[in-house]
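So that the names make sense, note that chain A is the first sequence line, chain B the second, and so on, each numbered from 1. Keep in mind the model is a prediction, meaning the values are calculated, not measured.
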Amino acid sequence: MTAVTSLAHEPRWPASVAAAEAEQDRLRPLADLDDPGPVSAGLVAGLDVGYRDDEEVVGAVVVLDAATLEVVDQATARQRASFPYVPGLFAFRELPPLLAALDELTVRPELLMCDGYGVAHPRRFGLACHLGVLTGLPAVGVAKTAFVGTHEDPPPERGSWSEILLDGEVAGRALRTRDGVKPVFVSQGHRIGLENACAHVLRLSPAYRVPEPIRQADRLSRLP
DNA sequence: GCGACAG
DNA sequence: ATCTTGTCGC
């Protein structure tokens with residue numbers, strides 16, 4: 001790693017579903033969900049993965065200046081998919097290309113915004129938690145569809161939200177980033193509180209439903 | 001048991 | 001994720 005140097009924890013790549021689930025259980029206690037995290041961040045990285053011929057993945061990272069939304073740095077990593085898509089084990093498919101892309105950055109982001117879930121996950125350890133624990137950086141998960149738990153439809157105004165309940169506990173929020181548009185699903189990943197996580201997501205979504213860092217990463221991951 | 005299931 | 005046209009709305 002260059003700017004996102006020395007991983008806090010070495011990644012392990014399980015070869016079976018059972019081993020992958022065990023790895024999530026092993027890392028879950030390492031996710032810090034009590035740290036309220038940064039109230040404001042200068043550099044925020046959006047991460048996403050694009051797919052090609054079903055066997056190729058493209059990890060993309062775009063770092064934005066949170067104040068101006070200006071692109072400060074970006075990187076991609078193209079490789080063969082090393083794990084199949086299994087709901088709940090999403091991270092093992094997308095982590096390799098994302099870590100490789102992060103390795104190419106020349107700046108160190110203060111917050112990672114991931115396309116997927118954090119603790120709103122069957123084993124409470126989604127992609128955002130995994131990425132946060134491995135890098136040691138604050139991380140938040142932003143998903144476009146509901147995955148686990150229950151939630152009410154939040155009021156139609158931008159900024160309104162409702163709780164995502166999982167086993168009677170708050171696992172995240174359905175947050176409306178634009179008037180009258182479907183909400184996004186925000187959950188903690190690592191070293192950031194739900195309140196601050198939602199504040200960042202809302203602030204970084206001035207024009208579209210999906211936060212700008214993730215939109216940029218999504219666009220980059222589709223480029224030829 | 002069956003279907004649904006982040007991307 | 002990806003395969004895909006037109007269509008409604010601001």
Under 3.5 Å, which protein N or O atoms sit close to an N or O of nucleotides 2-7 of chain B? Give each pair with its distance.
unit_1: B:dA6; atom_1: OP2; unit_2: A:Tyr85; atom_2: OH; d: 2.5
unit_1: B:dA6; atom_1: N7; unit_2: A:Gly88; atom_2: N; d: 3.1
unit_1: B:dA6; atom_1: N6; unit_2: A:Gly88; atom_2: O; d: 3.1
unit_1: B:dA6; atom_1: N6; unit_2: A:Phe90; atom_2: N; d: 3.4
unit_1: B:dA6; atom_1: N6; unit_2: A:His121; atom_2: NE2; d: 3.2
unit_1: B:dA6; atom_1: N1; unit_2: A:Leu127; atom_2: N; d: 3.3
unit_1: B:dA6; atom_1: N3; unit_2: A:Tyr117; atom_2: N; d: 3.0
unit_1: B:dG7; atom_1: OP1; unit_2: A:Lys144; atom_2: N; d: 2.8
unit_1: B:dG7; atom_1: OP2; unit_2: A:Thr145; atom_2: OG1; d: 2.9
unit_1: B:dG7; atom_1: O3'; unit_2: A:Asp115; atom_2: OD2; d: 3.0
unit_1: B:dG7; atom_1: N7; unit_2: A:Tyr85; atom_2: OH; d: 3.4

**OP:** Check whether any side-chain heavy atom of A:Val63 lies under 4.5 Å from a side-chain heavy atom of A:Val44, and answer yes or no.
**Re:** no
**OP:** Answer yes or no: is there a side-chain heavy-atom contact under 4.5 Å between A:Leu131 and A:Leu102?
**Re:** yes
**OP:** Would you grab the first and last nucleotide of DNA chain C (5' to 3') that comes under 4.0 Å of any non-hydrogen atom in chain A?
**Re:** C:dA1 to C:dT2
Original post:
Angle class for the A:Phe92/A:Trp13 ring planes (parallel below 30°, perpendicular above 60°, tilted otherwise)?
Top reply: perpendicular
**OP:** Specify whether A:Phe185 and A:His151 have parallel, tilted or perpendicular ring planes, treating 30° as the upper limit for parallel and 60° as the lower limit for perpendicular.
**Re:** perpendicular
Subject >> Nearest non-hydrogen partners of A:Leu137 and A:Arg108, listed with the distance >> reply: CD2-NH2, 3.5 Å
Show me the donor-acceptor pairs, under 3.5 Å and distance only, between side chains in residues 201-208 of chain A and residues at least two apart or in other chains.
unit_1: A:Arg203; atom_1: NH2; unit_2: A:Val39; atom_2: O; d: 3.3
unit_1: A:Ser205; atom_1: OG; unit_2: A:Val201; atom_2: O; d: 2.6

Should [X] and [Y] count as an ion pair when the cut-off is N to O under 4.0 Å?
{"X": "A:Asp115", "Y": "A:Lys144", "value": "yes"}
{"X": "A:Arg219", "Y": "A:Glu212", "value": "no"}
{"X": "A:Arg28", "Y": "A:Asp25", "value": "yes"}
{"X": "A:Glu21", "Y": "A:Arg123", "value": "yes"}

Subject >> Short side-chain to backbone donor-acceptor contact, A:His190 and A:His130, under 3.5 Å >> reply: no
**OP:** Could you list by number each residue of residues 204-211 of chain A showing a heavy-atom separation from DNA chain B of less than 4.0 Å, or answer none if no residue does?
**Re:** none
Original post:
Base, sugar-phosphate, or nothing: which does A:Arg178 touch, judged by heavy atoms less than 4.0 Å apart?
Top reply: nothing
May I have the list of side-chain donor-acceptor pairs in residues 74-81 of chain A shorter than 3.5 Å, sequence neighbours left out?
unit_1: A:Arg78; atom_1: NE; unit_2: A:Glu56; atom_2: OE1; d: 2.9
unit_1: A:Arg78; atom_1: NH2; unit_2: A:Glu56; atom_2: OE1; d: 2.9

Original post:
For DNA chain C, what is the dot-bracket line, given that a base pair needs Watson-Crick (N1 to N3, plus N6-O4 or O6-N4) or G-U wobble (N1-O2 and O6-N3) geometry with both distances under 3.5 Å, and | means paired with another strand?
Top reply: ..........
